[in-house]
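Below, read A as the first sequence line, B as the second, and so on, with proteins coming before strands; counting in each chain starts at 1.
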2 protein chains.
Amino acid sequence: MKIKKEVTIYDLAKELNYSPSTISRALNNHKSISKKTIKLIKGAAEEMGYRPNNLAAGLRNNKSNTIGVLISRINRPFMASLISGIEETARKAGHNVLISQSNDKYENEISNCNTLYDSRITGLIVSLSMETVEMDHFQKFVDKGIPIVFVDRVPDNFNSYKVVIDNYTAGYSATKHLIEQGCKRIAHFAGAQHRNVYRERKKGYLDALREHGLPIEDNLIVHFKTLSFEEGNKATKKLLKMSNPPDGIFSANDTAAVSAIMCAKKMGVNVPEQLAVIGFNDDPIASIVQPSLSTVSHPASKMGAISAKRILDHSINTYDTGVSEVTVLGTEIIARDSSLKKAKVLESE
Amino acid sequence: MKIKKEVTIYDLAKELNYSPSTISRALNNHKSISKKTIKLIKGAAEEMGYRPNNLAAGLRNNKSNTIGVLISRINRPFMASLISGIEETARKAGHNVLISQSNDKYENEISNCNTLYDSRITGLIVSLSMETVEMDHFQKFVDKGIPIVFVDRVPDNFNSYKVVIDNYTAGYSATKHLIEQGCKRIAHFAGAQHRNVYRERKKGYLDALREHGLPIEDNLIVHFKTLSFEEGNKATKKLLKMSNPPDGIFSANDTAAVSAIMCAKKMGVNVPEQLAVIGFNDDPIASIVQPSLSTVSHPASKMGAISAKRILDHSINTYDTGVSEVTVLGTEIIARDSSLKKAKVLESE
DNA sequence: ATAGTTAACGGAATCGATTGCATAAATTAA
DNA sequence: TTAATTTATGCAATCGATTCCGTTAACTAT
């Protein structure tokens with residue numbers, strides 16, 4: 001097959017008897033080109049099927065109008081929504097989005113970091129892998145003045161833009177919600193404690209117990225590796241087999257929370273009467289499981305949009321490496337059937 | 001803050017007293033450079049923090065080692081898995097992935113198409129928007145010999161690579177499954193008929209009815225716009241209020257199927273005894289809803305991997321525009337509680 | 001020992017768009 | 001009418017990597 005030759009500004013220049021400079025300026029609406037000429041050139045460009053070469057422009061300007069995204073996994077509801085928010089915002093501003101997933105491996109994060117750097121991205125949006133502790137691989141971005149926005153799973157020891165939710169308050173509120181429903185012995189499904197999100201949620205849980213005069217029992221706090229369905233099942237079974245089992249569970253994610261509900265049902269434990277459950281994220285499964293899962297909703301798409309905006313707004317002038325600008329978004333307790341003991345009581349009256 | 005200067009092959013050349021050509025060749029393991037020199041140069045490159053500039057290389061070679069992805073929405077389980085598969089495969093081959101979503105709008109699809117083209121992507125992977133009928137916006141890729149892989153939602157009138165599942169057989173099997181479970185009056189939740197996937201699934205449904213001697217009733221076939229939860233609810237309510245309601249539903253997606261189950265339960269209709277339900281996609285909600293939803297599983301991630309491989313394997317030499325190379329993947333019926341009447345009967349014996 | 005090969009490397013053009021610095025023409029000011 | 005601006009455009013360097021042609025120098029074969 002024949003492969004059509006690329007139409008460049010030089011072709012346009014030759015065709016229209018203008019210099020490439022004029023063509024370039026016209027296409028970019030440069031003020032020193034008359035409106036007449038601009039219209040003429042743009043018309044011809046359209047007609048001749050001219051399409052700008054971003055690689056050439058990018059090389060010249062040393063930037064690619066591309067936002068890099070580095071996350072653990074795409075196929076999680078939260079992450080998919082996050083990316084969706086990033087993509088929408090970026091595209092409206094004429095930017096592209098490069099994605100890469102670390103699969104929660106430190107090594108992959110480093111290698112993806114480099115690849116994204118090599119593409120001369122305008123900025124980087126990161127949600128850290130489960131394993132990441134060292135942050136050296138991000139330094140080259142800082143050195144070059146390329147903005148980094150950490151989202152959700154953010155580092156403690158690295159100054160940069162950050163977009164997070166108030167995990168502490170969310171954990172506190174979720175726990176308080178269970179307490180208000182009459183729970184006295186609340187278990188917690190905790191995630192990896194070196195990741196801010198899980199650590200903060202747990203802190204909120206602990207403080208809520210303390211401030212409401214409830215005892216903290218270590219054997220009611222289960223530390224998960226991945227907060228998976230299987231892990232949740234196992235943990236729930238173990239908890240419910242205790243001589244004095246908990247009457248509530250605050251899970252750091254929905255997956256484990258749903259598994260708890262299903263496990264409890266299978267074991268003949270009533271939810272929420274005997275065991276109230278609240279999760280985190282408001283995944284689609286939360287509203288489908290029965291009883292429907294109370295949870296903490298996470299403005300994922302909005303977080304993506306804000307992160308992208310941070311990059312787009314970033315200007316070399318105002319940027320200062322030493323500063324850590326943190327955006328904290330609010331969350332919302334979604335009270336569904338899995339925790340509403342009181343409502344149930346009222347209902348049956 | 002100070003912004004570090006980029007380290008280029010020229011810097012390496014000056015530092016090591018080699019020409020840029022040699023540096024370039026060494027970094028690419030060119031055979032005409034001695035192993036000693038390669039080791040020396042690569043060592044220095046590492047030490048000086050050299051990182052290749054993909055924009056420059058891309059401009060020179062007129063390709064960016066980047067795969068473009070154009071889909072309707074990222075935050076759908078199927079799509080997220082698809083992208084995940086693409087990303088993994090692409091990255092292993094040293095390629096990047098640019099994503100863009102059309103939100104099912106024809107206009108967005110066109111504009112995203114252009115933007116991706118401008119980035120000189122190596123190949124394009126597309127799942128068509130709901131609205132798309134005209135295919136002109138893809139022509140420029142063909143003209144330039146850039147491979148396009150259509151996935152899942154593919155065009156009828158455009159020759160290219162295609163990666164799909166056998167929707168007809170899947171629809172046939174799903175319907176047959178309901179018939180085998182004893183259903184006599186099976187309804188169908190159909191999607192937009194100008195999209196191959198929904199059209200084929202319906203065809204399979206119709207043929208299964210015919211071949212099993214069941215009548216086709218037009219009022220049991222509901223055409224959806226988006227197969228949403230709300231639409232599903234409305235449709236189910238209407239069906240179940242009929243004087244002789246259906247005893248089975250084959251839904252073209254899981255969302256609508258789940259809504260049918262929940263609606264039926266609310267109306268006091270037993271699933272699967274009075275109404276057997278089977279969906280499509282095997283979304284996470286399918287195994288969570290109760291009774292759990294029987295469905296057709298879709299190898300989303302694998303489809304992504306295959307699509308990416310198609311692009312990577314593509315060589316200008318073997319490519320011919322006139323040919324349409326279609327890869328058809330198999331699906332699997334996942335029989336869960338929402339359709340297993342017989343198993344239930346056996347269980348209660 | 002001499003022609004013929006091969007190994008190892010350098011020169012310089014090239015990819016396409018951008019932009020600082022000229023320049024010519026047109027307009028305005030004085 | 002002439003100098004001073006303003007307007008519209010062109011020239012040529014530049015971004016960083018690649019690659020087609022050389023060119024040496026070392027090596028091999030006869």
side-chain hydrogen bond (donor to acceptor under 3.5 Å, both in side chains) with B/K140: which residues, sequence neighbours excluded?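 side-chain hydrogen bond (donor to acceptor under 3.5 Å, both in side chains) list for B/K140, sorted by chain: B/N114.
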Using the side chain to side chain donor-acceptor pair (under 3.5 Å) rule, collect all pairs that involve residues 76-88 of chain B, keeping only residues at least two apart or in two chains.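 Listed once each, the pairs are A/Q101-B/S84, A/Q101-B/E87, B/E87-B/R91.
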Once you apply a heavy-atom cut-off of 4.0 Å, does [X] come out as touching a base, just sugar-phosphate, or nothing?
X	result
B/D11	nothing
A/S34	sugar-phosphate
B/D118	nothing

Euclidean distance, atom [atom1] of residue [X] to atom [atom2] of [N] [Å, nearest integer]:
X	N	atom1	atom2	answer
B/H30	C/dG10	NE2	P	14 Å
A/L12	C/dT18	CG	C1'	15 Å
B/K36	D/dA26	NZ	C1'	13 Å
A/K31	D/dT9	NZ	P	16 Å
B/I23	C/dC9	CD1	P	10 Å

The criterion is side chain to side chain contact (heavy atoms under 4.5 Å, CB included); which residues satisfy it with [X], sequence neighbours excluded?
X	result
B/P77	B/D283, B/P284
A/N157	A/M135, A/P155
B/K14	none

Kindly calculate the angle separating the two end axes of the helix from C/dA1-D/dT30 to C/dA30-D/dT1, each obtained from five base pairs, and round it to 10 degrees.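 That helix gives 30° between its end axes.
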Any A/Y18 side-chain N or O less than 4.0 Å from OP1/OP2 of D/dT9: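 Yes, because at least one side-chain N or O of A/Y18 sits under 4.0 Å from OP1 or OP2 of D/dT9.
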Do the non-hydrogen side-chain atoms of B/M79 and B/R73 ever get within less than 4.5 Å of each other?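 SC-SC contact between B/M79 and B/R73 ruled out.
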Show me the pairs that pass salt bridge (Lys or Arg N to Asp or Glu O under 4.0 Å) and involve residues 40-68 of chain A, at least two apart or across chains.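 Counting only pairs at least two positions apart or across chains, the salt bridge (Lys or Arg N to Asp or Glu O under 4.0 Å) contacts touching residues 40-68 of chain A are A/R51-B/D118.
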Under the salt bridge (Lys or Arg N to Asp or Glu O under 4.0 Å) rule, what pairs show up with a residue in residues 151-160 of chain B, not counting sequence neighbours?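 Applying salt bridge (Lys or Arg N to Asp or Glu O under 4.0 Å) to every pair that reaches into residues 151-160 of chain B, excluding sequence neighbours, yields B/D104-B/R153, B/D156-B/R199.
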Treat primed atoms plus P, OP1 and OP2 as sugar-phosphate and everything else as base, then score nucleotides 12-22 of chain D 5' to 3': B for base contact with protein heavy atoms under 4.0 Å, S for sugar-phosphate contact only, - for none. BBBBBBBBB--
B/F141 and B/Y117 aromatic centres sub-6.0 Å: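 Distance test on ring centres: under 6.0 Å, yes.
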